[in-house]
Number of protein chains: 2
Amino acid sequence: MPSPRKFVSAREVAERAGVSRSAVSRAFTPGASVSEDTRRRVLEAANALGYHVNHLARGLSLKESGIVCLVGSELGTPYRANLVKAMTQAAQDAGKVAMVINTDRSDASVGAALRQALHYRADASIILSGLPDKSITRLCLENGQRIVLINRDDDQEGPLRINLKDGEAARHTLTAFLRAGCRRLAFANSEAGTPSLMARERGFLAAAGAIGLTVAVERFGPSVYDSGRELARRLLTARERPDAVFCATDLIACGFLDAARHEFGLAVPEDLCVTGFDDIEQAGWSSYGLTTFAQPVSDIAREAFAWLMLAPEEATRRPAAVELEARMVWRRTVRGYAQDLSPDLRSAAGA
Amino acid sequence: MPSPRKFVSAREVAERAGVSRSAVSRAFTPGASVSEDTRRRVLEAANALGYHVNHLARGLSLKESGIVCLVGSELGTPYRANLVKAMTQAAQDAGKVAMVINTDRSDASVGAALRQALHYRADASIILSGLPDKSITRLCLENGQRIVLINRDDDQEGPLRINLKDGEAARHTLTAFLRAGCRRLAFANSEAGTPSLMARERGFLAAAGAIGLTVAVERFGPSVYDSGRELARRLLTARERPDAVFCATDLIACGFLDAARHEFGLAVPEDLCVTGFDDIEQAGWSSYGLTTFAQPVSDIAREAFAWLMLAPEEATRRPAAVELEARMVWRRTVRGYAQDLSPDLRSAAGA
DNA sequence: TCTGTCTTTGCAACCGTGTGCAAAGGTTCC
DNA sequence: GGAACCTTTGCACACGGTTGCAAAGACAGA
C-alpha cells in the first residue's frame, strides 16, 4: 500500500505559528512549560493545517506507545465479542487504544500475536484465549510489557491473572438442582479443555461427590451451539436419563435446550433442569430463559486496566491474581426458584 | 503506565553479530542486499537477544504503519462481531494489524476515532457504523489515509463504499411472501435510520407498491431483540393483522418471532411468515429456523482489503463502490419453499 | 541601577529504524 | 595485470517527536 503520504509535521506548524518546534511539542504536552499566548497560537496553526501529533514518533521517544494488544480467538462468539467490546471501551477510557489480534488460524499463533505486540511496542497484552509459552511470556515481561490473562488459570509469575470463581458457581448450581429435586446429574462439556471449562466440571463433580452423588460427564467438540445439541443426544439417550444438566457454556446450553425440547420432546424445567454459564444475550431470549451465571465482563475489563495503569513498582507489589464472582441469573430452566427462595433474594436476582 | 522499558535495539544486535546497524536492518528487510552469511549471523544474534523490529520506528521512516483502523459501535452484536472477526483476520492475512475503536459512547466519536487513526498514522480506516463529517474524511484523504465505508451508502468521493443489494433482497422477500400466499404485508424496522435499514424498507415498499400492495411499517427503538418484541406487539395487535413481516435485522426478527409465538400463540409459518436480514448464527438455531439473507461478511472483508492493497493510482482509477449480493437463506419461517421450488435450487440453498 | 528569581524559549541530542551513496572487496574477462 | 562489473558493507541523514539544559527576558526588591 505505497501512498504519497503527506502528513503535516510539527515543523510546519512551528513555522506558521512563528515559534520553535519544541514549542509545538510543548503546546501538546499537558503540564509543559508554555505561555498561554504561545499555546493559543500553536493550536490555531495546528488546527488550520490539520496537524495531528504522530503517536508513532511520540511512542518512540516516550517509550510508551499507548497501544494495548487484545489477543484471542472466536471473536464472533457472543461472550468473546462482549469481552472485546468491554476491553476496547476500557482501553479508550484509560487513554489507550486496542489493537486486536485474531488467533483463530493456528494454535501457535498466541506466540505470534505476542511477537506482534512486541513489534508495536504495546504497553500491555491481554490474552483472552490460548496460553502463551513461558518463554515468550518471559520475553514480553523482560521488555517491560505487561500481560493480563483472562480465565487462563495459569501459575506463571508476572502476568495479572483474572479468574472467575468457577467452583463456587458449580456449587450453587448443585444446590439449585438439589432444591429442584434432581438427583440424576450430568455435566455437558466441550472438548476445548479450557481452564475455566475444566474448573467448572471439576467443581461440579467435587461438590456432587461430597454428598455421594455421581455425575454423568460427556464431552464433545468445540464450545458451540451444535456441540450442545450433540451432547443432548448423547446424554438424553443414556439408560439412566439425567434430570439436571450443567452445561459448561451458554452456547452449549442453548443447543442442549433446543435438542431436548425439539428432538426429545422434553419439557424444561419440568422434565429436565438445565443451567449454563456466561449469561450471553440469547440466554435471556424467551425461547430459552436460561438460568445461568453472568460473567462480570465490565468488572473484568475494569480490573485489567486498573492494574495496567498502576506504576510498575506498585503493580509488582500487588497480588497478581484477582478472583471475580459469577453472579447467578435465575430464569426458567431450573424448577423451584419462585417457591423456595425468599422474596428479597428473588428481587435481588431480578426475577 | 511508566515502565522501565528495556527493548533490545538493532544496535545491540549489530554489536553482538559484529556487523553494522544497517546490516541488521537489511537482514530484516526482504529483498535487501545482504550476504547469506551476514543474514544468518544477524538472525542468530537477534534471536539470542530477543530482538523485535520496532514497527513504530519502521513506520516512521517508511511512512506506512501497517495499522488499519476499524471503527464501529455495538461491537457485541452478532453481526458486528462477525464483521470485526473477519476484518481482523483479513488484516492479518494482508500483513497488517487491526486497531479497533469503539464508538459506542458518543455520536460525534466517529470523528474522534478518525482523529485517533490519524494520530497513529493508520494506513486506512474502515468504518462499520456512523458516518464521519465530510471535513474529517477529507482530512484523512489528504493525509493519504484510505477509507472504506461498509453499508454506509454515502456519496462522498474518495472512500471505497461497500454496500449490499438491499433492494434486491427486498424484492426476493416479497416474491417469497407472495408465493406463500401472503397479502397483508408489514415491515418491522428500528429507529436507527441506518442507510442499509432504510434501503431495505424503501425497497420492500417500492416492490409491494409496484403490484398495488400496501405495507404496514412500524419503527421502534434500536436494532435489538427487545425492539423486535415490541414491534410484534404493535404490529400483531393492529386491526388488520399482517400475515407476513419482513424484519430489518435478524435480531429484530428473533424478538418478533418469540413474541409472536409465546405472547400471541401464533404458529410460524402457518399463521405468519417472517424474514430477517444478516443471517446471524442464532437465525439457524432450531428455536428460530429463520429465513433470512446472509451478509457476505468474508467477501466484504476481502473486497475491502483487496482495494486497500492496491497501489494508490490504481485505487483511484477503480470504481469506488462495490455492491455485493445478500444470498437468501431458506429455513422455516416462510411457507411453501419445499413445495414450490425446483429440487436443484433447494439443494443449492442447503435446505 | 543592580541583583536575584521565575517563566518562557530555543538549541541540540536522542528514540530506533530505513536507505542513498560511495567505498571496499571479489569475480570475470580480456 | 588491469579494466569492468557486481555484490556487500558502512556512513550519515531522514523520519517526527520529547526533553535537559542553558540562555534570554520579565519582574520585584533593595
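None of these values were measured; they are calculated from a predicted model. A note on names: the letters A, B, ... follow the listed sequences, proteins ahead of strands, and every chain is numbered from 1.
Residue-level contact check: A:S35 touches the backbone only, with heavy atoms under 4.0 Å from sugar-phosphate atoms and none from bases.
Using a cut-off of 4.0 Å between Lys/Arg side-chain N and Asp/Glu carboxylate O, A:D123 and A:K96 are scored as salt-bridged. Ion pairing of A:R16 with A:E12 is absent here, as no side-chain N (NZ or NE/NH1/NH2) approaches a carboxylate O to less than 4.0 Å. A salt bridge is defined here as a Lys NZ or Arg NE, NH1 or NH2 lying under 4.0 Å from an Asp or Glu carboxylate O, and B:E36 with B:R40 fails to meet this definition.
Reading DNA chain D from its 5' end, the first and the last nucleotide to sit under 4.0 Å from a heavy atom of chain B are D:dT8 to D:dG17.
When the side-chain hydrogen bond (donor to acceptor under 3.5 Å, both in side chains) test is applied to A:R41, the partners found at least two apart in sequence or on another chain are A:D37. In this structure A:D299 satisfies the side-chain hydrogen bond (donor to acceptor under 3.5 Å, both in side chains) test together with A:R302, sequence neighbours excluded. For A:Y51, there are no side-chain hydrogen bond (donor to acceptor under 3.5 Å, both in side chains) partners at least two apart in sequence or on another chain.
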(request) Any chance you could list the contact pattern along nucleotides 15-20 of chain C? Use B for base contacts, S for sugar-phosphate-only contacts and - for none, protein heavy atoms under 4.0 Å, 5' to 3'. (result) BBBBBB
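Each end of the helix from C:dT1-D:dA30 to C:dC30-D:dG1 gets its own rotation axis from five pairs of C1' atoms, and the angle between them is 50° to the nearest 10 degrees.
Paired with A:T88 under the rule side chain to side chain contact (heavy atoms under 4.5 Å, CB included), one option of B:V84, B:V100, B:T103 passes, and it is B:V100.
Nearest heavy atom pair, residue A:A304 against residue A:V148, reads CB-CG1, 4.2 Å.
In this structure, NE2 in B:H55 is found 11.0 Å from CD1 in A:I67, a value given to the nearest 0.5 Å.
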(request) Carefully, step by step, assess B:R105 and A:D93 under the rule salt bridge (charged side-chain N to carboxylate O under 4.0 Å, His left out). (result) CA-CA 10 Å; B:R105 282 272 197 276; A:D93 292 347; 2.6 Å; yes
